[in-house]
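Inspection log for the structure reproduced underneath, given as structure tokens.
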Amino acid sequence: MPITVIGFEGSANKIGIGIIRDGVVLSNPRHTYITPPGEGFRPNLTAKHHQSVILDLLDRALKEANIVSLADIDAFCFTKGPGMGAPLIVVATVVRTLAQLYDKPIIGVNHCIGHIEMGRLITRAKNPVVLYVSGGNTQIIAYSEHRYRIFGETIDIAVGNCLDRFARILKLSNDPSPGYNIEQLAKKGQNYIPLPYTVKGMDVSFSGILSHIKTIIVGNKQTRRKNNELPTNPYSNEDLCFSLQETLFAMLVEITERALAHVGSDQVLIVGGVGCNVRLQEMMDFMCRERQATVCAIDERYCIDNGAMIAQAGYEMFNADKTRKGMTLEETTCSQRFRTDAVYVNWRED
């Protein structure tokens with residue numbers, strides 16, 4: 001008998017609701033909270049945004065999936081963490097309410113594992129090394145003995161956070177996303193500006209790069225103000241975006257290559273919002289071709305935070321649970337710190 005699950009994702013500035021039936025995506029609408037240029041998104045305001053759109057988004061998801069009633073859903077899935085506390089709680093509260101109204105099981109999903117399982121579903125990757133790159137996370141992951149093991153990660157800020165904060169310095173638009181606008185400017189860059197390159201074993205550090213490039217921009221403005229000159233930038237925004245991308249992505253490719261050699265895999269799966277970046281995919285593909293490996297990448301529909309990825313991971317968890325009871329209400333809490341390797345992967349036997 002087919003299993004239909006609905007997934008709710010709202011761990012950051014995007015809220016999405018996706019419906020999956022036995023590995024087929026029936027609907028996956030999403031809405032983004034966009035702030036003015038130069039600003040980030042605050043947890044409380046992001047939570048209010050999610051609260052204001054979640055029910056309309058639910059109606060849209062049901063209509064696109066041609067589902068008349070939530071009674072036809074077998075399980076309700078939500079992002080348990082990691083993420084921003086207030087937005088997570090808003091989504092979890094709605095899911096708890098709906099699940100109790102329709103007497104359905106609740107499944108709490110790890111956000112990162114949602115990305116991985118969605119990537120595996122779309123690309124049909126067998127047992128890849130996973131590069132998970134987003135606004136809140138940067139990890140190199142491989143599966144082993146019922147866990148997604150972390151081989152390397154950022155020791156400070158995530159790569160997506162580095163790009164977002166850089167975009168704020170340049171006052172770039174947040175529509176559709178800071179990373180996308182950096183990517184478009186980088187395509188026009190012609191001069192590479194040397195930046196710190198910080199790889200420590202299998203880990204990476206991005207905060208120093210951000211500080212350095214901020215010093216270049218802000219320091220030049222201050223110097224010119226003292227000399228009564230116009231506070232212009234000696235480097236174009238295009239060159240700055242190009243240089244930052246090349247440096248960050250080279251670091252990510254290096255540690256991914258090392259993990260690929262260690263694990264002995266012939267596939268790299270890129271997931272997370274930054275994984276949409278075509279330049280990152282190109283650099284990874286160049287490395288993989290030298291190692292007779294392939295890159296498994298997905299487009300923005302499933303790479304960026306979405307509800308379908310939570311539904312897919314929840315489907316795998318629900319299908320592997322012989323009791324089909326899901327979580328108790330006491331277990332449906334949210335956690336801002338929820339490690340990828342903390343989850344027991346009972347749905348994989350390889």
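Note that this is a predicted model, so its numbers are computed, not measured.
Summarising the local packing, CG of D103 is surrounded by 12 or fewer heavy atoms from other residues, nucleotides or ligands at distances under 6.0 Å. Atom CD of E331 sits in a crowded spot, with more than 12 heavy atoms from other residues, nucleotides or ligands closer than 6.0 Å. Atom CZ of R42 sits in a sparse spot, with 12 or fewer heavy atoms from other residues, nucleotides or ligands closer than 6.0 Å. Heavy atoms of other residues, nucleotides or ligands lying less than 6.0 angstrom from NE2 of H146 number more than 12. The neighbour count for Y192 OH, taken as heavy atoms of other residues, nucleotides or ligands under 6.0 Å away, is above 12.
I157 approaches L210 most closely through the heavy-atom pair CD1-CD2, 4.1 Å. The nearest pair of heavy atoms linking I140 to I255 is CG1-CD1, 3.6 Å. Counting all heavy atoms, side chain and backbone alike, I270 lies closest to G275 at CG2-CA, 3.5 Å. Among all heavy-atom pairs drawn from T46 and A12, the shortest one is CG2-O, 3.2 Å. In this structure, D305 and R30 approach most closely via the heavy-atom pair O-CD, 2.9 Å. Scanning both residues, I19 and A61, for their nearest heavy atoms gives CD1-O, 3.7 Å.
Criterion: ILVMFWY side-chain heavy atoms under 4.5 Å apart, direct or through other members. Under it, I15 and F8 are part of a common hydrophobic cluster. When hydrophobic clusters are built by joining Ile, Leu, Val, Met, Phe, Trp and Tyr residues whose side-chain heavy atoms come closer than 4.5 Å, directly or via intermediates, I34 is not grouped with V90. F338 and V271 fall within the same hydrophobic cluster, defined by Ile, Leu, Val, Met, Phe, Trp and Tyr side-chain heavy atoms under 4.5 Å apart, directly or through other members. Under a hydrophobic-cluster definition in which Ile, Leu, Val, Met, Phe, Trp and Tyr are linked whenever side-chain heavy atoms come within less than 4.5 Å, directly or via other members, L260 and L252 are assigned to the same cluster. Y197 and F286 are members of different hydrophobic clusters when ILVMFWY side chains are connected at heavy-atom separations under 4.5 Å.
Atom CD1 in I17 sits 10.5 Å away from atom CD in E64 (nearest 0.5 Å). With values rounded to the nearest 0.5 angstrom, D266 atom CG is found 10.0 Å from Q292 atom CD. In this structure, the separation between CE on M84 and CD on Q336 is 8.5 Å, given to the nearest 0.5 Å. Note that CG of L170 is 4.5 Å distant from CD1 of I217, once rounded to the nearest 0.5 Å. The CD1 atom of I182 lies 9.0 Å from the CG atom of L248; values are rounded to the nearest 0.5 Å. In this structure, M309 CE and M118 CE are separated by 9.5 Å, a value rounded to the nearest 0.5 Å.
Between the R147 side chain and the A342 main chain, a donor and an acceptor come within less than 3.5 Å of each other. Checked by atom type and distance alone, the side chain of S52 pairs as donor or acceptor with a backbone atom of H49 at under 3.5 Å. Using modelled atom types, no side-chain atom of D285 and backbone atom of V295 make a donor-acceptor pair closer than 3.5 Å. Although no hydrogens or angles enter the test, the distance criterion places no donor-acceptor pair under 3.5 Å between the side chain of N161 and the main chain of G136. Of the possible polar contacts, none joining the S134 side chain to the G272 backbone as a donor-acceptor pair under 3.5 Å is found. Side chain of N181 to backbone of S173: a donor-acceptor contact under 3.5 angstrom is found. Side-chain atoms of S265 come within 3.5 Å of backbone N or O of N127 as a donor-acceptor pair. One N or O on the side chain of D74 and one on the backbone of T4 form a donor-acceptor pair closer than 3.5 Å. Between the R258 side chain and the G201 main chain, a donor and an acceptor come within less than 3.5 Å of each other. A side-chain donor-acceptor contact under 3.5 Å links N28 to the backbone of A308.
A salt bridge is absent between E117 and R348; no separation between the charged side-chain nitrogens and carboxylate oxygens falls under 4.0 Å. With respect to the salt-bridge test (charged N to carboxylate O, under 4.0 angstrom), the residues E153 and R339 qualify. Remark: D164 does not engage R168 in a salt bridge, criterion side-chain N to carboxylate O under 4.0 Å. In summary, R279 and E183 do not engage in a salt bridge, as defined by a charged side-chain N under 4.0 Å from a carboxylate O.
No hydrogens or angles considered: nothing links the side chains of Y302 and Q312 as a donor-acceptor pair under 3.5 Å. For the residue pair Y180/D175, the side-chain donor-acceptor check at 3.5 Å is not satisfied. Of the N and O atoms on the side chains of S205 and D156, at least one donor lies less than 3.5 Å from an acceptor on the other residue. Between T332 and R96, the side chains place a donor N or O and an acceptor N or O closer than 3.5 Å (distance only, hydrogens not considered). One side chain, K187 or Q184, offers a donor N or O that lies under 3.5 Å from an acceptor on the other.
Annotation: side chain of T32 is in contact with side chain of N13 (closest heavy-atom distance under 4.5 Å). Side-chain contact between I209 and F166: absent, with no pair of heavy atoms (C-beta onward) separated by less than 4.5 Å. Considering only heavy atoms from C-beta on, V345 comes within 4.5 Å of Y148 through its side chain. Using a 4.5 Å cut-off on side-chain heavy atoms (C-beta onward), R21 and I67 make contact. A 4.5 Å side-chain heavy-atom check between I113 and E316 finds every atom pair outside the cut-off. Taking 4.5 Å as the limit, every side-chain heavy atom of M202 sits out of range of all side-chain heavy atoms of H262. Between R60 and K63 the shortest side-chain heavy-atom distance does not fall below 4.5 Å. At least one side-chain heavy atom of L329 sits less than 4.5 Å from a side-chain heavy atom of I106.
Applying the ring pair (Phe, Tyr, Trp, His ring centres under 6.0 Å) test to pairs two or more places apart or on separate chains, those with a residue in residues 71-130 are H111-H115, H115-Y132.
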F242 and L185: CA distance, side-chain angles, deciding distance, side-chain contact (heavy atoms from CB on, under 4.5 Å) verdict: CA-CA 7 Å; F242 167 73; L185 285 173; over 6 Å; no

Criterion side-chain contact (heavy atoms from CB on, under 4.5 Å) on I122 and D299, from CA distance to verdict: CA-CA 10 Å; I122 299 300; D299 62 32; over 6 Å; no

Stepwise side-chain contact (heavy atoms from CB on, under 4.5 Å) check, T198 with I155: CA-CA 10 Å; T198 314; I155 60 174; 6.0 Å; no

side-chain contact (heavy atoms from CB on, under 4.5 Å) assessment of D239 paired with K188: CA-CA 8 Å; D239 287 343; K188 302 174 184 176; over 6 Å; no

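Screening N137, I150, V130 for a side-chain contact (heavy atoms from CB on, under 4.5 Å) with T340, the sole residue that qualifies is I150.
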